[in-house]
Amino acid sequence: AVQLFTSYGDIDWKDKTLLQTAVDGIYNCLNNDPATIVRVKAACAFNCILHHRDATQMVKPHLKNILAVYLTLLDKFDL
């Protein structure tokens, strides 16, 4: 699913509840998945899906945590 949103996350989301479900799922993968590759893919998916103003508003409460995870991944892979 994360790969799907990386590829097609910039589509026009008519149903905001579906967008919320996608944002929640990507956020869950980013924070809780034990597989590092899934967390990296989730970070890429967020990059794509956050082109939507509504999605950006949905993640604002979690932005501090998201940035911390991004920095951890960058540090881990020396990017």
Side-chain angles (χ1 to χ4, degrees):
V2 170
Q3 184 64 39
L4 176 73
F5 289 108
T6 301
S7 300
Y8 302 106
D10 58 349
I11 63 172
D12 185 26
W13 294 82
K14 303 275 188 231
D15 184 352
K16 301 305 178 207
T17 58
L18 183 57
L19 179 61
Q20 181 69 59
T21 301
V23 168
D24 291 344
I26 293 168
Y27 180 75
N28 186 42
C29 288
L30 183 69
N31 284 300
N32 300 318
D33 201 287
T36 303
I37 189 66
V38 173
R39 293 174 46 211
V40 169
K41 293 285 191 175
C44 294
F46 256 132
N47 185 46
C48 186
I49 205 167
L50 288 179
H51 289 291
H52 297 282
R53 185 177 310 190
D54 292 324
T56 303
Q57 294 300 317
M58 292 171 188
V59 300
K60 272 189 179 180
H62 309 289
L63 192 55
K64 183 178 178 181
N65 188 43
I66 291 168
L67 292 175
V69 173
Y70 270 54
L71 291 173
T72 300
L73 291 171
L74 289 171
D75 188 47
K76 183 173 185 172
F77 293 104
D78 198 31
L79 300 173

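The analysis underlying the following values was restricted to heavy atoms, covering all of them including side chains, and did not include hydrogens, waters or symmetry mates.
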Closest non-hydrogen atom pair, [X] against [Y]:
X	Y	answer
Met58	Lys16	CE-O, 3.8 Å
Ala55	Ile49	CB-O, 3.5 Å
Val69	Arg39	CG1-NH2, 4.2 Å
Val38	Cys29	CG1-CB, 4.0 Å

| Mind checking what makes salt bridge (Lys or Arg N to Asp or Glu O under 4.0 Å) contact with Lys14, not counting sequence neighbours? |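 Asp12.
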| field | Counterpart residues, salt bridge (Lys or Arg N to Asp or Glu O under 4.0 Å), relative to Asp24 (two or more places apart) | value |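 None.
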| said: Tell me every residue that passes side chain to side chain contact (heavy atoms under 4.5 Å, CB included) with Asn47, counting only those two or more places apart in sequence or in another chain. | reply: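 If we apply the side chain to side chain contact (heavy atoms under 4.5 Å, CB included) test to Asn47, skipping adjacent residues, there are no hits.
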| query | Does Asn28 have any side chain to side chain contact (heavy atoms under 4.5 Å, CB included) partners at least two apart in sequence or in another chain, and if so, which? | reply |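 Only Asn32 meet the side chain to side chain contact (heavy atoms under 4.5 Å, CB included) criterion with Asn28.
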| query | Taking only residues two or more places apart in sequence or in another chain, which ones pass side chain to side chain donor-acceptor pair (under 3.5 Å) with Thr36? | reply |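 Partners of Thr36 by the side chain to side chain donor-acceptor pair (under 3.5 Å) criterion, ordered by chain and then number, come out as Lys76.
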| Testing Thr56, Ile26, Val23 for side chain to side chain contact (heavy atoms under 4.5 Å, CB included) with Leu50, which one passes? |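 Result: among Thr56, Ile26, Val23, Thr56 is the only option passing the side chain to side chain contact (heavy atoms under 4.5 Å, CB included) with Leu50.
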Expected list for residues 59-68: side-chain donor-acceptor pairs under 3.5 angstrom, two or more places apart:
residue : atom : partner : partner atom : Å
His62   : ND1  : Tyr27   : OH           : 3.4
Asn65   : ND2  : Tyr27   : OH           : 3.0
Asn65   : ND2  : Asn31   : OD1          : 2.7

